[in-house]
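Below is one structure, written out as structure tokens; comments come after it.
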Amino acid sequence: MLARASLHSNGADMHTAEYADYKKEELTAHHARDLVHINAGGTRFTTLYDTLAQSKSSYFLNFIRIDRTTGKVVLLQQRTIRDESGAIFVNRDGRLFAFVLQFMRDGKNTVLPKDKDLLAQLKREADFFGMEVFKYLIQETLVDLEKEQRTSTIDIADIRNSVNQIANNTYYTGGRN
């Protein structure tokens, strides 16, 4: 349902049905390879507009979209908060956002931490950013950690039993074979 779009290189002139409700100054168009700066809780990140537009994050898709007519990345300015440097401000923990951004870049190949508390925090971030695949990956990692912990607990119990048997045999036989 998109009408033809007219985008100049500065993104100032957009005429599509999709963006008809916005004033010209509320929209900017960017090339997918343009850099975008993000301030997440005071920590600065730099990525490509394309990374955010392709992220499947409902949070970012609220203000960043790809115009299907032109292929440009459209930023809905009125839906963003900017810091003093012009970076998009995200009111989240920058340490955790680093993992979120890494997932946007690498998808299912993202290496997640093995710390259950940190994974629980990342799961909350996945919820906040509306990233269901990331949330699923985190949940899989948590399940794998639980399995490893159970296996480790069983192994330790087996070792304790063996040590107790050896100790009991040594005690009863007086160390003689």
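All residue numbers refer to positions in the sequence shown, counting from 1.
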- Side-chain touch Pro113/Leu119, heavy atoms, less than 4.5 angstrom: yes
- Find out if a path of hydrophobic residues (ILVMFWY) with successive side-chain heavy-atom gaps under 4.5 Å connects Phe89 to Leu101. no
- Task: Dump the intermediate steps for side chain to side chain contact (heavy atoms under 4.5 Å, CB included) on Met131 and Lys56, then the final yes or no.
- Result: CA-CA 7 Å; Met131 301 172 74; Lys56 295 183 176 62; over 6 Å; no
- Query: What is the minimum heavy-atom distance between Phe60 and Ser55, and which atoms define it?
  - Reply: CB-OG, 4.3 Å
- Query: Does the side chain to side chain contact (heavy atoms under 4.5 Å, CB included) test come out yes or no for Val133 and Lys108, once each step is laid out?
  - Reply: CA-CA 8 Å; Val133 175; Lys108 291 182 179 181; 4.0 Å; yes
- Rounding to 0.5 Å, atoms CG (Asp106) and CZ (Phe99) come to a distance of 12.5 Å
- pair Leu48-Thr51: side-chain heavy atoms closer than 4.5 Å: yes
- Item | Ion pair Glu26/Arg79, N-O distance below 4.0 Å | no
- Which value, rounded to the nearest 0.5 Å, describes the distance between Phe128 atom CZ and Lys135 atom NZ? 14.0 Å
- Task: Output the distance between atom CD (Glu125) and atom OH (Tyr59), rounded to the nearest 0.5 Å.
- Result: 10.5 Å
- Message: Do Thr110 and Leu112 have side chains that approach each other closer than 4.5 Å (heavy atoms only, starting at C-beta)?
- Response: yes
- Just do the side chain to side chain contact (heavy atoms under 4.5 Å, CB included) check on Leu75 and Tyr49 with the steps written out, would you? CA-CA 9 Å; Leu75 179 64; Tyr49 275 100; 4.0 Å; yes
- Item | Aromatic ring proximity, centroids under 6.0 angstrom, Phe97 and Phe129 | yes
- Task: Indicate if Leu145 and Leu96 have the same hydrophobic cluster label, given that clusters are the connected sets of ILVMFWY residues with side-chain heavy-atom separations under 4.5 angstrom.
- Result: yes
- Message: Side chains of Tyr136 and Glu140 only: does a donor on one sit below 3.5 Å from an acceptor on the other?
- Response: yes
- In terms of hydrophobic clustering (I, L, V, M, F, W, Y; side-chain heavy atoms under 4.5 Å; direct or indirect links), are Phe63 and Ile81 co-clustered? no
- Task: Could you tell me which non-hydrogen atom of Gly71 sits nearest to which non-hydrogen atom of Ile66, and how far apart they are?
- Result: O-CG2, 4.0 Å
- Side-chain heavy-atom pair Gln77, Leu27 within 4.5 angstrom cut-off: no
- State the CG-OG1 distance between Leu76 and Thr28, to the nearest 0.5 angstrom. 8.5 Å
- For residues Ser58 and Gly130, report the shortest heavy-atom separation together with the two atoms involved. OG-CA, 3.3 Å
- Task: Take Leu118 and Arg95 through the test side chain to side chain contact (heavy atoms under 4.5 Å, CB included) and record every step on the way to the result.
- Result: CA-CA 10 Å; Leu118 183 54; Arg95 176 182 60 96; 3.3 Å; yes
- Message: Do Thr47 and Arg105 have side chains that approach each other closer than 4.5 Å (heavy atoms only, starting at C-beta)?
- Response: yes
- So CG of Asn62 and OG of Ser57: to nearest 0.5 Å the spacing works out to 9.5 Å
- Message: Are Glu146 and Lys116 packed together at the side-chain level, in the sense that at least one heavy-atom pair is separated by less than 4.5 angstrom?
- Response: yes
- Message: With clusters defined by side-chain heavy atoms of hydrophobic residues (ILVMFWY) lying less than 4.5 Å apart, directly or transitively, does Leu61 cluster with Val100?
- Response: no
- Task: Taking the side chain as every heavy atom from C-beta outward, state whether His30 and Lys72 have any pair of such atoms under 4.5 Å apart.
- Result: no
- Task: Enter the distance from Leu137:CG to Glu132:CD here, rounded to the nearest 0.5 Å.
- Result: 12.5 Å
Donor-acceptor pairs are to be reported for all side-chain atoms of residues 33-42 against protein atoms at under 3.5 Å, with residues two or more places apart or in another chain.
{"unit_1": "Asp34", "atom_1": "OD2", "unit_2": "His31", "atom_2": "N", "d": "2.9"}
{"unit_1": "His37", "atom_1": "ND1", "unit_2": "Arg44", "atom_2": "NH2", "d": "3.2"}
{"unit_1": "His37", "atom_1": "ND1", "unit_2": "Thr46", "atom_2": "OG1", "d": "3.0"}
{"unit_1": "Asn39", "atom_1": "OD1", "unit_2": "Gly42", "atom_2": "N", "d": "2.7"}
{"unit_1": "Asn39", "atom_1": "ND2", "unit_2": "Asp83", "atom_2": "OD2", "d": "3.0"}

